[in-house]
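Here the structure comes first, spelled out in structure tokens, and everything after it is commentary.
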2 protein chains.
Amino acid sequence: MTGTRSTRQRDVIAQVLGRAPGPLAVAEVFERAQDDLPGLGIATVYRTLKLLTEQGRIHPVTLDGETLYEAAGKGHHHHFSCNQCGRVFTLHTCPVTLPSGTVYPGGFVVEAHEVTLYGQCPECAAG
Amino acid sequence: MTGTRSTRQRDVIAQVLGRAPGPLAVAEVFERAQDDLPGLGIATVYRTLKLLTEQGRIHPVTLDGETLYEAAGKGHHHHFSCNQCGRVFTLHTCPVTLPSGTVYPGGFVVEAHEVTLYGQCPECAAG
DNA sequence: GTCTTTGCAAACCATTTGCATATTC
DNA sequence: GAATATGCAAATGGTTTGCAAAGAC
């Protein structure tokens, strides 16, 4: 069986995502993981992100044309993208009430939804 | 001034997007535009999509890691992505009430929102 | 006729893959 | 010790760019 071994690289990459306040781009994961593990190769980052995704331990999030990754198991949540600093945050509130099975005009059967809010993050709003 | 000339290529590409029921991927734009205009080059498609975007005549939409393009001027709307056939539709209903300026817990100032619904499109639900 | 746009081919750049070496169990 | 994972470098594939020829005005 492949993908089961515990390695320092996999641990570090999973940890990096685990402590982030929101989803991270591949380059960000790479940089942060290198702090803990110099010599880490970018190919390993891609391979590990793919592996963790297949295992359901992280999820890809596409936002503004970039693929970001976030740790799984955060329950239902959405994202906030700051128009000023560009950072993406995880929000634990949901502005939508859409029970699975709701049928939209035209006959669209809704099974899930995704919301992205854009605006100013607390830091940028304060500055 | 560059970007102002009317060419067959630009007209065709704009028309393709104008008559689509939802946003299209670059490859789809390319294929459909080639029906009207054999010999069209892919580079022209990319250049034109970029131009039309800068002119505000179309908008990019990122969905599941792909960048799609749709005609502008459709007013506030959202997207529905069919889990079965993969097609993306434009929905003219909005499940969210979020006046610009709403402040979310933590101090996030909301200026805009984007919603994507996932499920079965009318055709796939009927099949 | 001048300036812009196009198509082609080359250049780019992020992501993936092949392979020898290092690591896990 | 056998099998898996890593790092490097090469390959890939979508997007962009340089340039000579075609087209718009």
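Naming: A, B, ... by sequence-line order, numbering from 1 per chain. Atoms considered below: every heavy atom in the structure, side chains included; atoms not considered: hydrogens, waters and symmetry mates.
Side-chain contact between A:Glu70 and A:His77: present, with at least one pair of heavy atoms (C-beta onward) separated by less than 4.5 Å. Taking 4.5 Å as the limit, some side-chain heavy atom of B:Arg10 sits within range of a side-chain heavy atom of B:Leu51.
Taking atom CG of A:Leu40 as the reference point, atom C1' of D:dC8 lies 13 Å away to the nearest angstrom. What separates CD of B:Glu54 from C1' of C:dT5 is a distance of 15 Å, to the nearest Å. One interatomic measurement links the two molecules: CZ of A:Arg10 to P of C:dT24, which rounds to 11 Å at whole-angstrom precision. Spacing between atom CG of B:Asp11 and atom C1' of C:dT6 amounts to 14 Å, rounded to whole angstrom units. Residue B:Arg47 contributes atom CZ, which lies 8 Å from atom C1' of C:dG7 at whole-angstrom precision. One can place CG of A:Leu37 at 7 Å from P of D:dG7, the figure rounded to the nearest angstrom. Between B:Glu66 atom CD and D:dG13 atom P there is a gap of 16 Å when expressed in whole angstrom units. Between B:Leu49 atom CG and D:dT16 atom C1' there is a gap of 13 Å when expressed in whole angstrom units.
In this structure, A:Thr2 reaches the D:dA5 phosphate: one of its side-chain N or O atoms is under 4.0 Å from OP1 or OP2. Between A:Thr7 and D:dT6 there is a side-chain N or O to OP1 or OP2 distance below 4.0 Å. Dashed line: the shortest gap from a side-chain N or O of B:Ser6 to OP1 or OP2 of D:dA24 is not under 4.0 Å. A close approach under 4.0 Å does not occur between any side-chain nitrogen or oxygen of A:Gln9 and OP1 or OP2 of C:dT23.
Side-chain to base pairing of B:Arg5 with D:dC25: no donor and acceptor N or O lie closer than 3.5 Å to each other.
In the model, B:Asn83 has a side-chain atom that pairs as donor or acceptor with a side-chain atom of A:Glu111 under 3.5 Å. Neither side chain, B:His78 nor A:His113, offers a donor N or O lying under 3.5 Å from an acceptor on the other.
Comparing B:Thr48 and A:Ile42 against DNA chain C, the residue whose closest nucleotide sits nearer the 5' end is B:Thr48. Of the residues near DNA chain D, B:Ala27 and B:Arg8, the one whose nearest nucleotide (by heavy atom distance) lies more toward the 5' end is B:Ala27.
When each of B:Thr62, B:Leu68, B:Asp64 is tested with B:Glu66 by the rule side chain to side chain contact (heavy atoms under 4.5 Å, CB included), just one qualifies, namely B:Leu68.
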